[in-house]
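Comments concern the structure below.
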Amino acid sequence: SRRVAILVSGGGSNMVALVKSMTGDHPARPVLVLANSADAGGLVRARELGVEADHVDHRPFKGDRPAFEDALHARLLQAEPDILCLAGFMRVLTEGFVSRWQGRMLNIHPSLLPKYRGLHTHARALEAGETEHGCTVHEVTPELDEGPILGQARVPVLPGDTPDLLAARVLEQEHRLYPAVLRRFAAGDRSRIDLAA
Ligand code: GAR
């Protein structure tokens, strides 16, 4: 079965959804959860789920991204992953790192790409008066939030929505979409998945 490493920066709810999905006849299994900070909530949750968890703190590298990425890469190699899943990993990765994992690295982004790359996607979608919003799983390429789209899930924007309400509605779909895409991807199937709430 394929070995999956999951990179997180925060609470790791997508990581939890991915780990929980990898049971039974699943073509992959989780081998490492790696954070860029010791206090990422996802580390505790991963250990509770019985998955090895570790961190490579980006701060001592003081903005030297390639040096941080070399350390991240070295730690990842110990786990010998076949697939990397970014799950709320909030460090920008340079071309040097991305090219080492190209074709084997997925990301989830909280918008219907190509709309709203980058941060504050929910506030920006509301501000633009969108009637529909959602999330995207894509292969990671060197350009931020670009790369072949493997799946999207749509949600309606509702009257009275705030960025937090919308984020919660989207997150629920993230937890459906990412496991569905990973299962296919791990089986070598890159056909696209489209979900609606
Ligand atoms: C998720 O909404 C994910 O799509 C987003 O961060 C959140 C992480 O939540 N990712 C990005 O914004 C990537 N630029 P989680 O830690 O509970 O999975």
Side-chain angles (χ1 to χ4, degrees), residues 4-22 30 32-49 51 53-56 58 65 68-69 72 83-95 97-98 101 105-127 130 132-155 157 161-182 185 193-195 197:
V4 176
I6 305 171
L7 271 56
V8 303
S9 295
S13 72
N14 277 290
M15 175 277 295
V16 170
L18 290 173
V19 167
K20 287 187 169 168
S21 74
M22 287 184 259
L32 178 67
V33 171
L34 190 56
N36 62 292
S37 157
D39 44 50
L43 293 176
V44 175
R45 298 175 84 178
R47 290 183 190 116
E48 283 168 359
L49 291 164
V51 180
D54 200 358
H55 70 280
V56 175
H58 68 276
R65 285 188 197 276
F68 166 62
E69 291 174 350
L72 200 66
I83 297 170
L84 289 194
C85 290
L86 306 182
F89 188 69
M90 303 308 278
R91 308 303 301 172
V92 171
L93 296 167
T94 71
E95 174 156 20
F97 183 88
V98 171
W101 295 97
M105 178 158 47
L106 306 181
N107 180 44
I108 187 154
H109 181 77
S111 78
L112 295 172
L113 290 173
K115 287 185 169 180
Y116 311 115
R117 298 187 171 104
L119 299 176
H120 311 300
T121 56
H122 309 298
R124 287 157 61 205
L126 283 177
E127 216 159 282
E130 299 285 357
E132 195 177 54
H133 186 48
C135 53
T136 302
V137 176
H138 63 96
E139 278 185 52
V140 178
T141 57
E143 304 303 316
L144 185 70
D145 300 330
E146 302 257 2
I149 291 176
L150 297 170
Q152 293 193 314
R154 294 165 188 279
V155 305
V157 176
D161 262 350
T162 62
D164 283 352
L165 284 170
L166 189 52
R169 193 175 307 123
V170 171
L171 193 62
E172 232 178 272
Q173 297 307 310
E174 294 185 40
H175 298 161
R176 294 176 63 210
L177 180 68
Y178 210 172
V181 170
L182 176 62
F185 188 80
I193 296 178
D194 281 285
L195 302 179

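Whatever order the structure lists them in is the order used to number ligands and atoms, beginning at 1. Quick caveat: nothing in here was measured; it's all calculated off a predicted structure. FYI, the numbering just counts along the sequence from 1.
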Can you classify the ring geometry of Phe68 versus Phe89 as parallel (below 30°), tilted (30 to 60°) or perpendicular (above 60°)? parallel
So which of Leu182, Ile193, Val170 actually passes side chain to side chain contact (heavy atoms under 4.5 Å, CB included) with Leu177? Ile193
Report yes or no: does Ser111 contribute a side-chain atom to a donor-acceptor pair with the main-chain N or O of Cys135 at less than 3.5 Å? no
For ligand 1, output the ligand-protein N/O contacts shorter than 3.5 angstrom; if there are none, return none.
from: ligand 1; atom 1: 2 (O); to: Glu174; atom 2: OE1; distance (Å): 3.2
from: ligand 1; atom 1: 2 (O); to: Glu174; atom 2: OE2; distance (Å): 2.9
from: ligand 1; atom 1: 4 (O); to: Glu174; atom 2: OE1; distance (Å): 2.7
from: ligand 1; atom 1: 4 (O); to: Glu174; atom 2: OE2; distance (Å): 3.4
from: ligand 1; atom 1: 16 (O); to: Gly12; atom 2: N; distance (Å): 2.8
from: ligand 1; atom 1: 17 (O); to: Ser13; atom 2: N; distance (Å): 2.8
from: ligand 1; atom 1: 17 (O); to: Ser13; atom 2: OG; distance (Å): 2.6
from: ligand 1; atom 1: 18 (O); to: Ser13; atom 2: N; distance (Å): 3.3
from: ligand 1; atom 1: 18 (O); to: Asn14; atom 2: N; distance (Å): 2.9
from: ligand 1; atom 1: 18 (O); to: Asn14; atom 2: ND2; distance (Å): 3.0

Flag the pair Leu84 / Ile6 as yes when at least one side-chain heavy-atom distance between them is below 4.5 Å, and no otherwise. no
Is the ring centre of His109 less than 6.0 Å from the ring centre of His138? no
Test: Arg117 and Glu143 ion pair at under 4.0 Å: no
